[in-house]
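A short write-up of the structure that comes next.
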Number of protein chains: 2
Amino acid sequence: MKLSNGVEWGLHCCVSISQSDGPVSAARLAELHGVPPSYLAKHLQALSRAGIVRSTPGPVGGYAFTRPAAEVSVLQVVQAVDGPEPAFRCTEIRRRGPLALSPERCEKPCAVSRAMATAETAWREALAGISVADLAGRIDQDSSGTAMRDLRSWLAGAP
Amino acid sequence: MKLSNGVEWGLHCCVSISQSDGPVSAARLAELHGVPPSYLAKHLQALSRAGIVRSTPGPVGGYAFTRPAAEVSVLQVVQAVDGPEPAFRCTEIRRRGPLALSPERCEKPCAVSRAMATAETAWREALAGISVADLAGRIDQDSSGTAMRDLRSWLAGAP
DNA sequence: GGTTGAGTACTCGGATAGAAGTTGTCCGAGTCAGTCCGG
DNA sequence: CCGGACTGACTCGGACAACTTCTATCCGAGTACTCAACC
């Protein structure tokens, strides 16, 4: 199991966007995080498609949240970047081979599929319980209250 | 996020092995599940390397559990097939860019990494709480007690 | 001086190559069961 | 009839291609600002 690299970028970008008053361009975000601008733009497009951020073109354009950061969960960002489909995909193995079950007995997912689904639900709920605003707050606490101040200062200056 | 296809096969194979007295060969398991024998063998090798099953060569050889099925958790099987490394890999994004933190301030994982790790722990614990024996029991319940009987019968006959 | 128009620079968005991981397949090394021969 | 060695076939294990997905990049479409000319 491997999570796309863009998930980390997307989350950090969301934290950055939450600290800015106006829109933030992909180039600024890429410079701030030291990542390839073009590739980061691809993931930001995914956030835009998911309706988490709104993109505005033009010289002062960029990305901005469509709703308060406290209402954007980490799960929404992860699913926007990485896709909403579950990690475990049941291929209905019990319908194959000599002991294949008849289709009418396969309405209910098999126990293996249920066990994996339960685990993924737990994972999803853990991510749904954290918002982007929570992340920003924790990062700020880790830095004793300097990280978000420096971030806001950098976003405002050096345009 | 995508989980390897062999995870499903490995779990179903473990359930099958748990119902057999002697070793079960990869060819039998592949025939039973209707999957490519050579590729299934690859995943069974992973289970063998992880110490979950023990392989015995020779005409009556195959794979058998090294310990009771009740002591083999789903998590162990999943990690054996898919690898133990976590899905989210922190690339230390905060050490890059103009606002990079000094290395001595990076001892503690950042909030993003901690949030993802917490979710993965929840996922892992959910899988650790289910054993292969539990899976077999649930599959048997779903079939009103015929699945494991038929499976044992098939494994014993048609050699 | 105010207004209007074109020009320009900057933004996002999707279409396009390259790398990596997963999927699928093959053949060789090792081992046990059955068999054959000799006593 | 019994014991031992041999042949044979079956097993796993790792090495070898094909494909899908992820990673990275580029160029085109659209918009707001700037500046100059005109009224």
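In this text the structure is predicted, and so the values were computed from the model without any measurement. Throughout, protein chains are lettered first and strands after them, A, B, ... in sequence-line order, and every chain is numbered starting at 1.
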- Specify the residues of residues 84-92 of chain A, ordered by number, for which at least one heavy atom lies under 4.0 angstrom from an atom of DNA chain C. none
- Message: Heavy-atom count check: over 12 atoms from other residues, nucleotides or ligands less than 6.0 Å from A:R54 CZ?
- Response: no
- Query: Looking for any heavy atom pair under 4.0 Å, which part of the strands does A:G6 touch: base, sugar-phosphate only, or nothing?
  - Reply: nothing
- Start with the C-alpha distance between A:Q79 and A:L127, add both sets of side-chain angles, then the distance that settles side chain to side chain contact (heavy atoms under 4.5 Å, CB included), and finish with yes or no. CA-CA 10 Å; A:Q79 284 191 332; A:L127 294 183; over 6 Å; no
- Does the pair A:R114/B:D142 count as a salt bridge with the N-to-O cut at 4.0 Å? yes
- Query: Looking across every strand, which nucleic acid part, if any, lies under 4.0 Å from A:A26 by heavy atom: base, sugar-phosphate, or nothing?
  - Reply: sugar-phosphate
- On DNA chain D, check which nucleotide each of A:P57 and A:S4 is closest to and give me the residue with the more 5' one. A:S4
- Rounded to whole Å, the NZ-P distance (A:K2 to C:dT22) equals 7 Å
- Message: Classify A:S25 by what it touches in the nucleic acid, base, sugar-phosphate, or nothing, heavy-atom distance under 4.0 Å.
- Response: sugar-phosphate
- When the nearest nucleotide of DNA chain D is assigned to A:P37 and to A:P59 on a heavy-atom basis, which residue is associated with the more 5' position? A:P37
- Item | Interface limits on DNA chain D, where chain A has a heavy atom under 4.0 Å of a nucleotide atom | D:dT23 to D:dA32
- Message: Between A:L32 and A:L151, is there a side-chain heavy-atom distance shorter than 4.5 Å?
- Response: yes
- Specify the separation, in whole Å, of atom CG of A:L44 and atom P of C:dT11. 13 Å
- Apply side-chain hydrogen bond (donor to acceptor under 3.5 Å, both in side chains) to B:D134 and B:S131, showing your working. CA-CA 5 Å; B:D134 294 334; B:S131 71; 3.2 Å; yes
- Query: Mapping A:G61 and A:R49 to their closest nucleotides on DNA chain C, which lands nearer the 5' end?
  - Reply: A:G61
- Any salt bridge (Lys or Arg N to Asp or Glu O under 4.0 Å) pairs touching residues 116-131 of chain B, not counting sequence neighbours? B:E120-B:R124
- Send over the distance from A:Y39 OH to C:dG18 C1', rounded to a whole Å. 13 Å
- Query: Can you tell me how far C1' of C:dA15 sits from CD of A:Q45, to the nearest Å?
  - Reply: 11 Å
- Query: What's the CG-P distance between A:N5 and C:dA19, to the nearest Å?
  - Reply: 18 Å
- Between B:R28 and B:S20, is a side chain to side chain contact (heavy atoms under 4.5 Å, CB included) present by the stated rule, with each step listed? CA-CA 12 Å; B:R28 298 294 312 279; B:S20 175; over 6 Å; no
- Message: Do A:L101 and B:M148 land in one hydrophobic cluster if side-chain heavy atoms of ILVMFWY residues count as linked below 4.5 Å?
- Response: no
